[in-house]
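Input: a single structure, listed below in structure tokens.
Note that ligands are numbered from 1 as they come in the structure, with each ligand's atoms numbered from 1 the same way.
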Amino acid sequence: MVFAQSAERTLTKGKKISPDLFGLFFEDINYSADGGLYAELVQNRSFEYSPTDRRDWNPFSFWEYITPDFSYGSITVETNSPIHPNNPHYIVLTAEHVGDAGVGVKNSGFDGIVVKAGESYSISMFVRQLSADPISLAISLQTPKGKVLAESKFSTSSKDWKKYSATLKPIESTDSASLVVLATTRGKLALDVVSLFPEKTFKNRPNGLRADLAQLLADMKPRFIRFPGGCLVHGDGLGNMYRWKNTIGPIEQRIEQKNIWGYHQSLGLGYFEYFQFCEDIGAKPLPVLPAAVSCQNSGGTWRIGGTGQKALPKEEMQDYIQEVLDLIEWANGPATSTWGAKRAAAGHPAPFNLQYIGIGNEDKITSEFEERFKIIYTAVKAKHPEITVIGTSGPFPDGEDFEKGWRFANALNVPVVDEHYYKEPSWLMSNLDRYDKYDRTHAEIYLGEYASWGNKLKNAIAEAAYMTGLERNGDIVRMASYAPLLAKRNHTQWKTDMIFFDNNLVCLTPNYHVQKIFSLNQGDVYFDKIVNLDSNDTTAAASCVQDNETGDIILKLVNAGKESQAMKVNLKGFKRIVSKAHLTLLAGDPEAENTLEKPEVIVPTTSNFQASKSFSYHAPAMSLTVIRMKTK
Ligand code: AHR
């Protein structure tokens, strides 16, 4: 057996590695935001769905006009006097004969509304009374058979748009409730932004996040969160680029738009909510802004390689640069500054301490891209040298855009470059040394999107092996995030994801467990030559880091092979290793995966471990083991 590393060597001091290595990447793909992490329960609450989102959608999609008990009236979608010009569509309901029940509309949310008996739900809506006399309204949560689970009543009292709010407490739990709004007296009214939230959002934030999903992300203790995409950022054509200013302020004033992944963005989960979430879970925010070019796959050129990149006209660039600079002021400026005041008005007078900004997302490296990136980057650097800008290098780990992107970034001295790749497990296993070979004098790397194609244990273990290489190269790999993060049942555009969910259930993939284990066991210093691995064995990988705060030494041992294997560990260079250590193991059938119905086929187990300065560990076949040892 040939050992790649000598166990006899005395330890050096170790190598400092990035304190921000493992984080998350959130993109609104697979219904991750509306219908997902964003806790809003009404779908198309503002009547802004349109055929631009999907050919068969319109402002009344996911709503039903209802005339129970032989009532009648009419309904229209109008635009002539909206709550706000950013939110042009609303409905006008005319109740002519209301019978015993009323005339109105019904919304069944995103595949049904889940409510729990005894819990509180906040309902709100904007109403404008259009007839002379007040109109009585009954708002209820109902089962598919029409049983009323909770109800609130009020009368209109304004001929201008007015917001009405109430709390509903259902008497029964169901996952298929509808929200019903009925006019129970005759008259005519306009209705818009009909919203229903559980009161129990993550940290009880208003306009907040679905508590169970947000908690799973918080449990990972990510060092950063990149948002809001992905391809979503540069968008399907220039008009679809994600413009952060459209996503802040009162929800009724946000500019909704098509989602490049084939649905709609209410943008209720906007920049304020992203920053707030980051702060709530102790993660650094990493917003990504378009580099003033649209996605190269714009206009349906996705499958044929894409030539659809469009660039903002030069005469619009000054305003665009200002938009980028304004974000930094919005995030970090004092509450007395123009944009800091908007953050304060939203309830956050203190700065958000923004440190990173991504410019561009795996854009095609054209001269249009380069010109625009350069002027944005130069402007940010000049005004905000404290901000670290992250550049981009195309969608693949090699090839033309990758080469050009890196050359361009290095020529500009961009400090960090974002790489993306989705690969087979075998590719990851054969490229464990990818970053060992990178030039240490060039930009650092943010591996912003990566995954092996699949959610089986063998995929997750290949990712674990690869992540030991990221740790080993944590001197130049500044950050890394698996992608995509969330995927909703029946609404999935990208089939390999970290967490699957529906309105009730959650499935944590083996890939999630690997990410979480690495994230919870990050270190500040990397030690080489601790674990002896056979250099001819391409199925094993290992790393050793120390966490400065606790002093703990953390070993990660990966066996992607079909047989268990012995790994020799030499910790003689450390002054003290406390023998009572903690072991986490993820192991099993390589082909096994978790599903929404069977979410616990592959789960980590934990146990005590007897550590010493020198020991041999038998890593089970297809496994990740983490041994965490105290030094004091
Ligand atoms: O993660 C899914 C997509 O993959 C992202 O939107 C894009 O950046 C990449 O191509």
Distance filter under 4.0 Å to [X] heavy atoms, resulting ligand 1 atoms:
X: Pro484; value: 1 (O), 2 (C)
X: Glu362; value: 7 (C), 8 (O), 9 (C), 10 (O)
X: Trp261; value: 3 (C), 6 (O)
X: Asn361; value: 8 (O)
X: Gly230; value: 5 (C), 6 (O), 8 (O)

- Under the 6.0 Å and 45° cation-pi test, does Lys284 pair with Tyr356?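 No - Lys284 does not lie over the ring of Tyr356 by the 6.0 Å and 45° rule.
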- Think Arg478 forms a cation-pi with Tyr446, using NZ or CZ under 6.0 Å from the six-ring centre and within 45 degrees of its axis? no
Just distances here: any N/O of [X] and N/O of ligand 1 closer than 3.5 Å?
X: Trp494; answer: no
X: Ile29; answer: no
X: Glu449; answer: yes

- Query: Is the distance between the ring centroids of Trp57 and Phe62 under 6.0 Å?
  - Reply: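 For Trp57 and Phe62, the ring centres are under 6.0 Å apart.
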- Message: Using ring centroids (six-membered ring only for Trp), state whether His89 and Phe47 fall under 6.0 Å.
- Response: no
- Message: Side chains of Asn240 and His234: any donor to acceptor distance under 3.5 Å?
- Response: no
- Query: Can you tell which part of Leu232 has a heavy atom less than 4.0 Å from ligand 1: side chain, backbone, both or neither?
  - Reply: neither
- Message: Does only the side chain of Tyr450 get under 4.0 Å from ligand 1, or the backbone, or both, or neither? Count heavy atoms.
- Response: neither
- Item | Reference residue Trp244; test ring pair (Phe, Tyr, Trp, His ring centres under 6.0 Å); the match among Phe227, Trp339, Phe272, Phe275 | Trp339
- Please round to the nearest 0.5 Å and tell me the distance separating atom CZ of Phe396 and atom CD of Glu362. 7.5 Å
- Give a yes/no verdict on whether any heavy atom in Pro395 is under 4.0 Å from an atom of ligand 1. no
- Message: Could you check whether any side-chain heavy atom of Met429 comes within less than 4.5 Å of a side-chain heavy atom of Leu432, counting everything from C-beta outward?
- Response: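 They are in side-chain contact.
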